[in-house]
Amino acid sequence: MRRHELTDAAWARIEPLLPVASGPGGRWRDHRQVINGILWKIRTGADWRDVPDRYGPWQTLYQRFRRWSADGTWERLLAHVQVHDDAVGAVDWSAVCVDSTIVRAHQHAAGARKKGNTGTKPASLAAEQALGRSRGGLTTKVHLACDGRGLPLAFTLTAGNINDCTRLIEVVEAIEVRRAGPGRPRVRPGHLIADKGYSTGIIRGYLRRRRIPHTIPERSDQLAARARRGHRRCGFDSDRYRRRNVVERCFNQLKRFRGLATRYEKLAAHYRAVVTIASLVLWLNHDPQNTA
């Protein structure tokens, strides 16, 4: 096994879920070889044409990556691993942390073609592909929720100039870990932790309606306004808040994939697949028996 490739244990967990070739056209190239080639590409951030020959033709790798991005195969693999870990009690729901990170987009990420003559303006087309102009130039923002171990539960993509607090509800709504047997999916964190950038009345009201306990520090202007009105400040558990650093560690792990740390993909659907694959690798490399 070479560097960046799937271990035997990781391969055994996902092999039964991979699509089987059907219809005319012969056999598919070995799935493990192709996935290892895709992982090499995302890990290194290289061009598809530069993937080593040992993984097969680069066209085969790209077509498999594109096909599975479109049909949801990567998402199904990640969901399966999450279900397995939750079934053995490995998922830590006691400290679900939410945050976002900015990703600089390479110049090759711009210029996605419009579908048909829709009259879409360039600015709105870029926003549709989760690209926006911010202080760092052309960027994408990854909004993510992770469990108490720092493993991704759900994420969403926006343009880099979108405010963090506008996407917390969307990220929390995206959390859905199905049961291994009968029963409703797990969709509600045991406790949610976020920084003061998410301290808004809309967010706190949403979390109260969903009965999600949360630890979000108030901003200084909010504290001053409460003092002027004679209201007491919101409850804040500083010890629990210290656990928020797991989401920062999660981003650090994800950005070890150079194809994620810098966005090279033109289409948001393809970059979403990159983030999904990187998240899948984090889950596969984590021992579900080690819940400490």
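Side-chain atoms are counted along with the backbone in the values below, which use heavy atoms only and exclude waters and symmetry mates. Only a predicted model underlies this, so the values are computations on that prediction, with no experimental measurement involved.
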Residues which pass salt bridge (charged side-chain N to carboxylate O under 4.0 Å, His left out) with R242, listed by chain and number, not counting sequence neighbours: D239
According to the side chain to side chain donor-acceptor pair (under 3.5 Å) rule, which pairs have a member within residues 37-56, sequence neighbours left out? E5-Y55, K41-E265
Under the rule for side-chain hydrogen bond (donor to acceptor under 3.5 Å, both in side chains), what residues qualify as partners of S279, not counting sequence neighbours? none
Those residues that, when tested against T60, pass side-chain contact (heavy atoms from CB on, under 4.5 Å) (two or more places apart): R29, V34, P57, R64
Here the salt bridge (Lys or Arg N to Asp or Glu O under 4.0 Å) pairs for residues 150-165, sequence neighbours left out, are K141-D164
Sequence neighbours excluded, which residues qualify as side-chain hydrogen bond (donor to acceptor under 3.5 Å, both in side chains) partners of R178? E176
side-chain hydrogen bond (donor to acceptor under 3.5 Å, both in side chains) with R256: which residues, sequence neighbours excluded? none
Under the side-chain contact (heavy atoms from CB on, under 4.5 Å) test, which residues partner K196, sequence neighbours left out? P217, R219
Please name all residues satisfying side-chain hydrogen bond (donor to acceptor under 3.5 Å, both in side chains) with R249, sequence neighbours left out, ordered by chain then number. N245
Applied to residues 237-263, the ring-ring contact (aromatic ring centres under 6.0 Å, His included) test, sequence neighbours excluded, yields F236-Y241
Report the residues that fulfil side-chain contact (heavy atoms from CB on, under 4.5 Å) with Q63, sequence neighbours left out, ordered by chain and then residue number. R66
Counterpart residues, side-chain contact (heavy atoms from CB on, under 4.5 Å), relative to V171 (two or more places apart): H143, A145, T156
